[in-house]
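Along the sequence shown, residues carry numbers from 1.
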Amino acid sequence: MDFFSVINIFGLLFNIILIVPHIVYAKTHTYDMTIFDNRAMLYIDRIGRYCSVFLMFVNIGLLEGGFTSDYMKKYWIISSIVLSVIYVLLWLVFFKTEKKSVAYAIIIISALIIIQSGILQVKTLLLTFGIVYLIGELYMASKFFRK
């Protein structure tokens with residue numbers, strides 16, 4: 001087993017695109033973590049996020065089928081690039097406005113990238129954790145914008 005059969009380079013690049021705006025926002029803004037009163041949902045959000053990030057670029061060989069054809073891989077790369085561009089543009093808008101609707105759009109686009117990756121790569125765990133990520137992030141955003 002070689003390095004490139006374990007690491008998905010495109011998945012790693014899409015992960016970097018998904019993570020960098022979160023890091024920039026966390027470094028430039030402070031927010032009160034006490035508004036998240038449901039600790040279980042906080043952990044669900046974190047588990048979904050970190051497992052999705054890991055499974056996007058690491059092939060663990062458990063419940064994975066891989067792409068069913070080369071066309072599926074090309075479709076995944078092109079559609080993920082398009083969704084990533086939309087994702088970055090939404091973050092730029094969010095940095096300026098901090099509107100709830102833009103935050104929800106960011107969450108949906110990022111979850112769509114993850115869930116689509118799980119479906120097209122036939123990675124059951126990635127699909128599952130993508131759904132967990134979506135549920136956790138939507139809950140966190142609903143609490144964050146209720147303040």
Side-chain angles (χ1 to χ4, degrees), residues 1-31 33 36 38-96 98-145:
M1 181 169 10
D2 65 341
F3 178 74
F4 291 107
S5 66
V6 176
I7 301 297
N8 180 347
I9 299 299
F10 290 111
L12 180 61
L13 293 174
F14 292 132
N15 262 338
I16 291 169
I17 292 168
L18 290 174
I19 292 173
V20 168
H22 282 281
I23 294 170
V24 171
Y25 187 79
K27 293 291 183 186
T28 59
H29 293 77
T30 58
Y31 44 91
M33 291 298 288
F36 305 118
N38 189 341
R39 304 286 287 171
M41 287 303 291
L42 181 66
Y43 293 128
I44 286 172
D45 172 57
R46 289 181 181 168
I47 288 169
R49 177 181 303 148
Y50 297 133
C51 289
S52 295
V53 164
F54 178 75
L55 292 171
M56 277 278 286
F57 73 94
V58 175
N59 299 319
I60 61 173
L62 180 66
L63 297 174
E64 294 179 354
F67 292 105
T68 55
S69 70
D70 286 337
Y71 294 117
M72 196 68 72
K73 185 173 185 176
K74 290 175 187 174
Y75 171 77
W76 171 69
I77 291 170
I78 292 168
S79 62
S80 294
I81 288 171
V82 169
L83 288 171
S84 296
V85 168
I86 294 169
Y87 177 79
V88 169
L89 292 174
L90 284 170
W91 265 107
L92 292 174
V93 170
F94 184 74
F95 280 131
K96 299 253 186 230
E98 292 198 21
K99 289 187 177 181
K100 178 168 59 169
S101 59
V102 178
Y104 282 126
I106 289 170
I107 293 167
I108 290 169
I109 293 292
S110 63
L112 185 60
I113 292 170
I114 295 167
I115 291 170
Q116 170 185 276
S117 296
I119 291 171
L120 295 177
Q121 295 179 49
V122 192
K123 287 184 166 184
T124 308
L125 289 176
L126 179 57
L127 173 62
T128 304
F129 284 115
I131 294 169
V132 170
Y133 165 76
L134 176 63
I135 292 168
E137 281 291 304
L138 288 174
Y139 173 80
M140 300 305 252
S142 71
K143 288 294 186 180
F144 183 75
F145 287 104

Side-chain donor-acceptor contacts of residues 100-112 below 3.5 Å, not counting sequence neighbours, with atom names and distances?
from   : atom 1 : to     : atom 2 : distance (Å)
Ser110 : OG     : Ile106 : O      : 3.1
Ser110 : OG     : Ile107 : O      : 2.9
Ser110 : OG     : Tyr133 : OH     : 2.9

For [X], all residues meeting side chain to side chain contact (heavy atoms under 4.5 Å, CB included), sequence neighbours excluded:
| X | value |
| --- | --- |
| Ser69 | Tyr71, Met72 |
| Ile23 | Ile19, Lys27 |
| Met140 | Phe36, Leu42, Asp45 |
| Ile16 | Leu12, Val20 |

For the atom pair [atom1] ([X]) and [atom2] ([Y]), what is the distance rounded to the nearest 0.5 Å?
| X | Y | atom1 | atom2 | answer |
| --- | --- | --- | --- | --- |
| Phe57 | Asn8 | CZ | CG | 10.0 Å |
| Thr128 | Ile114 | OG1 | CD1 | 12.5 Å |
| Leu134 | Ile131 | CG | CD1 | 8.0 Å |

Could you note down all residue pairs passing salt bridge (Lys or Arg N to Asp or Glu O under 4.0 Å) where residues 120-139 supplies at least one of them, sequence neighbours left out?
-> Arg49-Glu137
Quick one: which residue pairs count as a salt bridge (Lys or Arg N to Asp or Glu O under 4.0 Å) with a foot in residues 65-81, not counting sequence neighbours?
-> none
Counting N and O atoms only, with roles assigned by atom type, does the side chain of Asn59 sit under 3.5 Å from a partner on the main chain of Ile7, one being a donor and the other an acceptor?
-> no
List in chain and number order the residues that pass ring-ring contact (aromatic ring centres under 6.0 Å, His included) with Phe14, two or more places apart in sequence or in another chain; answer none if no residue qualifies.
-> Trp76
Residues passing the ring-ring contact (aromatic ring centres under 6.0 Å, His included) test with Phe95, sequence neighbours excluded, are Trp91
Sub-4.5 Å side-chain heavy-atom contact between Ile17 and Val88 = yes
Answer whether the closest heavy-atom distance between the side chains of Ser84 and Ile113 falls below 4.5 Å.
-> yes
Listed by chain and number, what are the side-chain hydrogen bond (donor to acceptor under 3.5 Å, both in side chains) partners of Tyr75, not counting sequence neighbours?
-> none
Can you list the residues that meet the side-chain hydrogen bond (donor to acceptor under 3.5 Å, both in side chains) rule with Thr124, with sequence neighbours excluded?
-> none
Carefully, step by step, assess Leu126 and Ser117 under the rule side chain to side chain contact (heavy atoms under 4.5 Å, CB included).
-> CA-CA 8 Å; Leu126 179 57; Ser117 296; 3.8 Å; yes
Where do [X] and [Y] come nearest, in terms of heavy atoms and distance?
| X | Y | answer |
| --- | --- | --- |
| Ser52 | Gly130 | OG-N, 3.5 Å |
| Leu120 | Phe67 | O-CD2, 3.4 Å |
| Gly136 | Met41 | CA-CE, 4.2 Å |
| Ile77 | Phe10 | CD1-CE1, 3.6 Å |
| Tyr139 | Asn38 | OH-CB, 3.1 Å |

Does the side chain of Tyr43 pick up a donor-acceptor pair with the side chain of Arg39 at under 3.5 Å?
-> yes
Does the side chain to side chain contact (heavy atoms under 4.5 Å, CB included) test come out yes or no for Ile60 and Val58, once each step is laid out?
-> CA-CA 6 Å; Ile60 61 173; Val58 175; 4.0 Å; yes
Run the ring-ring contact (aromatic ring centres under 6.0 Å, His included) check on Tyr25 and Phe94 step by step: do they pass?
-> CA-CA 10 Å; Tyr25 187 79; Phe94 184 74; 5.6 Å; yes
